Number of protein chains: 2
Amino acid sequence: MARRKDHTREELKEMSVVSARKIIAAQGLSNLNMRRIAGDIGYTVGTLYNVFEDMDDLMMHINAATLDSLYAALEKDVPQNDKNATRALKRIAKTYIRFAEENFNLWNVLTNYEQMTEEDRPDWYMEKTARLFRMVEQYLTPLCKSSAKAERSAKILWASVHGICVLGLNGRLDIAGAAPVQSLTDTLIENYMKGLK
Amino acid sequence: MARRKDHTREELKEMSVVSARKIIAAQGLSNLNMRRIAGDIGYTVGTLYNVFEDMDDLMMHINAATLDSLYAALEKDVPQNDKNATRALKRIAKTYIRFAEENFNLWNVLTNYEQMTEEDRPDWYMEKTARLFRMVEQYLTPLCKSSAKAERSAKILWASVHGICVLGLNGRLDIAGAAPVQSLTDTLIENYMKGLK
DNA sequence: ACCTGAACACCGTTCAAGT
DNA sequence: ACCTGAACACCGTTCAAGT
């Protein structure tokens with residue numbers, strides 16, 4: 001063994017993240033561990049630590065991949081340049097909720113796994129969340145007096161939809177499934193947009 | 001040793017929860033473990049398992065205590081029978097945000113630690129969250145055509161404020177501290193209530 | 001340089017043994 | 001009946017040893 005060099009460093013990273021996401025999606029975070037990932041990609045734990053700093057580092061890459069697939073889902077489902085902002089925002093919320101339901105375990109990891117190190121989140125990671133907010137913001141800019149106000153409303157609406165989704169899908173609102181959650185976010189967006197004018 | 005009977009079963013439960021909450025508040029969830037709690041209350045791990053089913057059970061009692069102190073904070077700070085619903089709701093949000101900031105570690109455990117067993121949450125635990133929603137609902141009932149509509153708006157507003165608080169205090173909204181978070185929830189509540197009329 | 005595999009420290013949990 | 005403490009299984013992480 002040793003010095004196999006079957007895969008490049010980047011390939012190993014990619015394989016590890018794919019494997020870890022597969023395990024989380026199928027069996028939840030509690031069934032994820034380093035030995036399991038290593039076995040799954042045909043290496044030993046030591047190799048994982050040659051490629052990732054630690055499990056937190058691996059988890060950040062897992063969440064980055066989830067953010068990418070969320071962004072892709074939104075880009076695919078949400079029509080570009082919808083002149084009706086309220087309709088577009090409802091569509092974003094609907095896609096977000098469906099994504100959360102369909103990728104429940106991965107989405108929960110993204111939501112719950114807090115990297116305590118708030119400030120040393122790398123720029124490439126921050127950008128993945130920033131572009132999600134920009135997607136919401138583009139529909140609010142034409143309706144607001146300043147870009148600062150549009151940014152504020154984008155934060156408020158995104159975080160609110162997120163909160164309803166978190167509590168709703170986790171059974172804290174006495175409702176079950178994605179449909180009633182979406183109904184609540186629709187009402188939120190309608191009332192907020194009415195109040196904005 | 002053995003057969004000390006220094007404390008009743010209920011006293012042991014209480015002591016364990018108090019100790020665990022102290023550890024979480026001071027050093028975070030990652031520094032909490034069964035041996036530490038046991039040592040802190042002057043017993044061994046076996047005793048903890050004589051009183052709690054497992055760590056999940058203990059965690060539920062920890063979160064129950066946090067919900068109680070949150071309710072107490074709200075009861076203390078929010079004026080009863082405020083005729084101005086928007087003002088009262090803003091006050092609830094403000095107190096909630098301050099509680100989350102001041103009890104950050106405990107509040108994060110309450111928020112992030114998901115008991116996967118959704119349906120076997122005991123009734124006495126469910127009631128602790130239900131009464132929080134009722135507190136919000138009381139201000140919405142006079143403004144809504146049906147109690148069902150008031151209930152819906154209570155869920156929407158509570159979950160939205162929660163979402164803004166979660167993302168805001170965890171540094172996901174490019175803002176720092178409780179004040180700007182509260183500013184966002186104020187705008188949310190204002191616009192939502194305007195839209196409601 | 002890359003990879004192994006054994007070791008270390010530390011967990012949650014169990015349970016035979018004591019009083 | 002209550003409590004101990006040692007044991008078990010399992011985890012993240014490290015690192016000397018191999019090629």
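Chain naming here is simple, since letters A, B, ... match the order of the sequence lines and numbering starts at 1 in each. Keep in mind that this is a model prediction, so the values were computed, not measured.
Taking atom CG of residue B:L58 and atom P of nucleotide C:dC11, one finds them 15 Å apart after rounding to whole Å. Rounded to an integer number of Å, the gap from B:R9 CZ to D:dA1 P is 13 Å. Atom CG of B:N50 is separated from atom P of D:dT4 by 10 Å (rounded to the nearest Å). In this entry the distance linking CE of A:M59 with P of D:dC11 reads 14 Å, nearest Å. Summarising the geometry, the separation between NE2 on B:H7 and P on D:dC3 is reported as 10 Å, rounded to the nearest angstrom. Rounded to whole Å, the distance from CG on A:L48 to P on C:dG5 is 14 Å. The nearest whole Å value for the distance from the CD1 atom in A:I41 to the C1' atom in C:dT4 is 13 Å.
Here the shortest heavy-atom pairing between A:M34 and A:L48 reads O-CD1, 3.3 Å. Nearest heavy atom pair, residue B:P180 against residue B:A176, reads CG-O, 3.2 Å.
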Donor-acceptor contacts under 3.5 Å from residues 155-165 of chain B side chains, at least two apart:
{"unit_1": "B:K155", "atom_1": "NZ", "unit_2": "A:L173", "atom_2": "O", "d": "2.9"}
{"unit_1": "B:S160", "atom_1": "OG", "unit_2": "B:I156", "atom_2": "O", "d": "2.7"}
{"unit_1": "B:H162", "atom_1": "ND1", "unit_2": "B:Y96", "atom_2": "OH", "d": "2.8"}

Report, one line per pair, each donor and acceptor closer than 3.5 Å where one atom sits in a side chain of residues 17-25 of chain A; sequence neighbours left out.
{"unit_1": "A:S19", "atom_1": "OG", "unit_2": "A:D40", "atom_2": "OD2", "d": "2.7"}
{"unit_1": "A:R21", "atom_1": "NH1", "unit_2": "A:T66", "atom_2": "OG1", "d": "2.6"}
{"unit_1": "A:K22", "atom_1": "NZ", "unit_2": "A:D40", "atom_2": "OD2", "d": "3.2"}

In a table with atom names and distances, give each donor-acceptor pair under 3.5 Å that connects a side chain of residues 135-145 of chain B to protein atoms at least two apart or in another chain.
{"unit_1": "B:Q138", "atom_1": "NE2", "unit_2": "B:M135", "atom_2": "O", "d": "3.2"}
{"unit_1": "B:Y139", "atom_1": "OH", "unit_2": "B:P79", "atom_2": "O", "d": "3.1"}
{"unit_1": "B:T141", "atom_1": "OG1", "unit_2": "B:E137", "atom_2": "O", "d": "3.0"}

Output one line per pair: protein atom, nucleotide atom from nucleotides 12-15 of chain D, and distance, for all N/O pairs under 3.5 Å.
{"unit_1": "D:dG12", "atom_1": "OP2", "unit_2": "A:M34", "atom_2": "N", "d": "3.1"}
{"unit_1": "D:dG12", "atom_1": "N7", "unit_2": "A:R35", "atom_2": "NH2", "d": "2.5"}
{"unit_1": "D:dG12", "atom_1": "O6", "unit_2": "A:R35", "atom_2": "NH2", "d": "2.7"}
{"unit_1": "D:dT13", "atom_1": "OP2", "unit_2": "A:Y49", "atom_2": "OH", "d": "2.6"}
{"unit_1": "D:dT13", "atom_1": "OP2", "unit_2": "A:M55", "atom_2": "N", "d": "3.0"}
{"unit_1": "D:dT13", "atom_1": "O5'", "unit_2": "A:Y49", "atom_2": "OH", "d": "3.2"}

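Taking a pair as Watson-Crick or G-U wobble with both distances under 3.5 Å, the runs of three or more consecutive pairs in DNA chain D are C:4-8 with D:12-16, C:12-16 with D:4-8.
Note on ring orientation: taking the six-membered ring where Trp is involved, the planes of A:H61 and A:W124 are tilted (angle from 30° to 60°).
The residue A:L12 sits close only to the backbone: its heavy atoms come under 4.0 Å of sugar-phosphate atoms, none of a base.
With sequence neighbours left out, A:Y49 forms a ring pair (Phe, Tyr, Trp, His ring centres under 6.0 Å) with no residue at all.
Side-chain nitrogen and oxygen atoms of B:T47 include none within less than 4.0 Å of the OP1 or OP2 phosphate oxygen of D:dC2.
Annotation for A:K149: atom NZ does not count as buried by contact number, only 12 or fewer foreign heavy atoms lying within 6.0 Å.
Separation of atoms CG (A:D186) and CG (A:N191) is listed at 11.0 Å; rounding is to 0.5 Å.
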